[in-house]
Amino acid sequence: MVSLIRRIDLRGLEPGGPGWEEARATAAASMAAISAVLVTHDALEPDLRQALFGRAAPELFALPLDAKRSLISGPVNGYIGPRPSAPAYESVRAWETTNSGAVRNVGDLLWPHGGNPAFCDTVSAFATNMLGLQRKVGTMILEGLGVEEGSVGSHLDSLNYSIRLSHYGVSETGAGMLMKPHRDCTVLSVVVQHDVEGLELQLQDGSWLAVAPEPGTVAVIAGELLAVVTNGRVPACVHRVSAPSGRERFSAQFVSMPKDGFTVRPFDELVDADHPPRYKPCDFDGYVQFRFAGDGLKLSDPLEAFCGVVKDEE
Ligand SMILES: O=C(O)CCC(=O)C(=O)O
Ligand SMILES: [Fe+2]
């Protein structure tokens, strides 16, 4: 089977410069075909990568449970501890990671006796670099799909960015599924895998594609809100984490979500007679409540139930 996932190389690539248009078309085509694109980049130099995965993440997950739990605030924020469905998984999301003051507050909460400046510096540097990468790739995807530059700019300004650091311990049952198939409640998720493989993307025929961890490459995957803004041209990527080798694993994600209070709707450029609206305007706060604390918890596709336009309504 031919994999439809494509790769772009951001190194030295600037808007309007040599190679930009071709890479933009590749990014958009890959997203439309498989809801993901592989991105080779220079945003995570070896020292920063080592500081993140060799020091910051292990220090964070080695903290006592109470310290990690102090971060919990709201349905999608803070610490997620091991659950029966994912016994070896823990994850921490820090909000507003592009604001170094907010990162320091997280550090002070986690390490009440003097904070952890090295941890905060690492997280802030990672956030700054990933912000540039995500904005560039987001621009390429949307412009490649035909969205005007001005509309892309206002869309990017309506987003919040956060980091999720995840740790997959070695489960008692050894190798197996570490995170079941799901869609992210994001616009875009940049997934940085450390040394150990695990990320798998579902293709349209239902088969799974393993994304190998490569130090200079990230996977950029579509979240549910990208499906809304692209009027369904880019469906949310169904993905999972499996543990073929059963080894301890770390990953970092840099994700974008609409700012609080935003209502997300399809770009005008992507709605026409051939592409009638697939989604009603989606109040993001309402959707988060529905998906994580309301009736959406029981559904396999909560987005569709919340704001999908069913065929009869078209
Ligand atoms: O760890 C990974 O590679 C991906 C994790 C993931 O999909 C998630 O946290 O939503
Ligand atoms: Fe995910």
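Being a predicted model, the structure only gives us computed values, none of them experimental. Counting starts at 1 for both ligands and their atoms, in listed order.
Excluding water, every protein N/O/S atom under 2.8 Å from the Fe ion (ligand 2) is given here by residue and atom: H182 NE2, D184 OD1, H239 NE2.
Scanning all heavy atoms of the two residues, the minimum distance from L178 to A243 falls at CD1-CB, 3.5 Å.
Under the 30°/60° scheme for interplanar angles, the aromatic rings of F250 and H167 are found to lie parallel.
In this structure, a donor-acceptor pair under 3.5 Å is absent between the side chains of N129 and H41.
Remark: E304 does not engage R183 in a salt bridge, criterion side-chain N to carboxylate O under 4.0 Å. Ion pairing between a basic and an acidic side chain is recognised when a charged N comes within 4.0 Å of a carboxylate O; R104 and D121 show such pairing.
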Run the side-chain hydrogen bond (donor to acceptor under 3.5 Å, both in side chains) check on R249 and Q193 step by step: do they pass? CA-CA 8 Å; R249 175 174 189 269; Q193 303 189 85; 2.7 Å; yes
Could you go through R7 and T217, starting from their C-alpha distance and side-chain angles, then the distance that decides it, and tell me whether this counts as side-chain hydrogen bond (donor to acceptor under 3.5 Å, both in side chains)? CA-CA 9 Å; R7 180 187 296 266; T217 299; 3.3 Å; yes
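Paired with F306 under the rule ring pair (Phe, Tyr, Trp, His ring centres under 6.0 Å), one option of F290, F284, Y279 passes, and it is F290.
Atom CG of D268 is surrounded by 12 or fewer heavy atoms from other residues, nucleotides or ligands within 6.0 Å.
Ordered by chain and residue number, the residues placing a heavy atom less than 4.0 Å from ligand 1 are Y89, R164, Y168, M179, H182, D184, V191, L199, H239, V241, R249, S251, Q253.
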